[in-house]
Amino acid sequence: MSIQGQVGECVVDADRIRTRVRELAEEIHRAHPSGDDPLVVIVVLAGAVIFAADLIRALPHRVIMAFVKVSSYPGTSTTSQGIVESGSMPDAVRARDVLVIDDVLDTGRTLQHLRAELQSAGARTVRTCVLLRKDRAEAKAVPCDHVGFDIPDRFVVGYGLDYNDEFRHLPDIRLFTLGPDA
Ligand code: IMP
Ligand code: MG
C-alpha cells in the first residue's frame with residue numbers, strides 16, 4: 001500500500017471560474033486604465049499559469065508577460081515549506097505598473113516576498129491578483145488587490161493547482177486529501 005491522495009468534492013466549478021475571470025479583468029482595467037505604457041504581468045510559476053492565461057486574454061491592456069518561480073509547497077508537501085526562488089526580477093518592471101498573478105493566497109509569504117522584491121526592483125506600482133484566498137488569518141492579513149474566490153482552508157487542486165505536479169489540468173477546483181491507496 002502506498003500513500004496517495006484522492007481528488008474530492010468540487011469547490012469552484014469551471015463556469016464560476018470563467019465568469020469571475022471576466023469580472024476580475026474588468027476590476028483590473030478600472031484600477032489600471034490602459035495608457036501608453038504596457039502593464040507588466042508577473043505570473044507565479046507554475047500554479048498561476050492557467051489562470052493567468054485566461055485572465056490576460058480578457059484584459060484590454062498592452063501586456064508584458066514575465067514569469068517567476070516561487071515554491072512554498074515543493075513536491076509532495078501540503079504545508080508551506082518557505083520560499084525558494086530561482087531567477088531574478090525581470091528588467092521590464094523598472095518604472096512600470098506591475099500586476100502579480102498567483103493561484104492561491106495561503107500563508108501570504110509568496111505575495112509579501114514578491115511585493116518587496118518588485119518594489120526594490122523599481123516598479124512604479126505593484127498590485128496583486130489571486131484566484132483563491134484561503135479562509136485563514138494569515139491569508140486575510142496580507143493585502144491583495146484582486147481576489148477571485150474565498151475558499152475553506154483546505155488543500156485543493158485543479159485549474160493550475162497541483163499536488164506533486166499532478167492535477168493542474170482539471171477544469172474545476174477540487175478538494176484533495178492525502179490517504180492510503182485504495
Ligand atoms: P503562500 O506563500 O503560503 O501564500 O503560498 C502560496 C503558494 O502555495 C501557491 O502559489 C501554491 O503554489 C501553493 N499552495 C498553497 N495552497 C495550495 C493548495 O491548496 N493546493 C496547491 N498549492 C497550494
Ligand atoms: Mg505556486
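One-based numbering, in listed order, for ligands and for the atoms of each.
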Ligand 1 atoms in contact with Thr110 (distance to a heavy atom under 4.0 Å): 1 (P), 2 (O), 5 (O), 6 (C)
Element-labelled atoms of ligand 1 that are located less than 4.0 Å from some non-hydrogen atom of Asp102: 10 (O)
Intermediate values then yes/no, salt bridge (Lys or Arg N to Asp or Glu O under 4.0 Å), Arg168 and Asp165: CA-CA 7 Å; Arg168 295 193 197 276; Asp165 280 322; 2.5 Å; yes
Working for side chain to side chain donor-acceptor pair (under 3.5 Å), residues Asp103 and Tyr159: CA-CA 9 Å; Asp103 51 1; Tyr159 195 69; over 6 Å; no
Arg154 touching ligand 1 at heavy-atom level, < 4.0 angstrom: yes
Candidate pair Asp97 and Arg127, rule salt bridge (Lys or Arg N to Asp or Glu O under 4.0 Å), full reasoning: CA-CA 8 Å; Asp97 294 326; Arg127 295 179 73 86; over 6 Å; no
Worked verdict on Leu132 versus Phe51 for side-chain contact (heavy atoms from CB on, under 4.5 Å): CA-CA 10 Å; Leu132 307 172; Phe51 173 44; over 6 Å; no
Enumerated ligand 1 atoms positioned under 4.0 Å from heavy atoms of Val156: 18 (C), 19 (O), 20 (N), 21 (C)
Within-shell test, Lys134 vs ligand 1, heavy atom, strictly < 4.0 Å: yes
Best match, Leu175, Ile173, Val142, Val104: closest heavy atom to atom 6 (C) of ligand 1: Val104
Verdict with supporting geometry, Arg133 and Asp106, salt bridge (Lys or Arg N to Asp or Glu O under 4.0 Å): CA-CA 6 Å; Arg133 176 171 59 188; Asp106 181 25; over 6 Å; no
Proximal atoms of ligand 1 relative to Asp162 (non-hydrogen, under 4.0 Å): 21 (C)
N or O pair under 3.5 Å between Leu111 and ligand 1: no
Arg20/Glu23 ion pair, N-O < 4.0 Å: yes
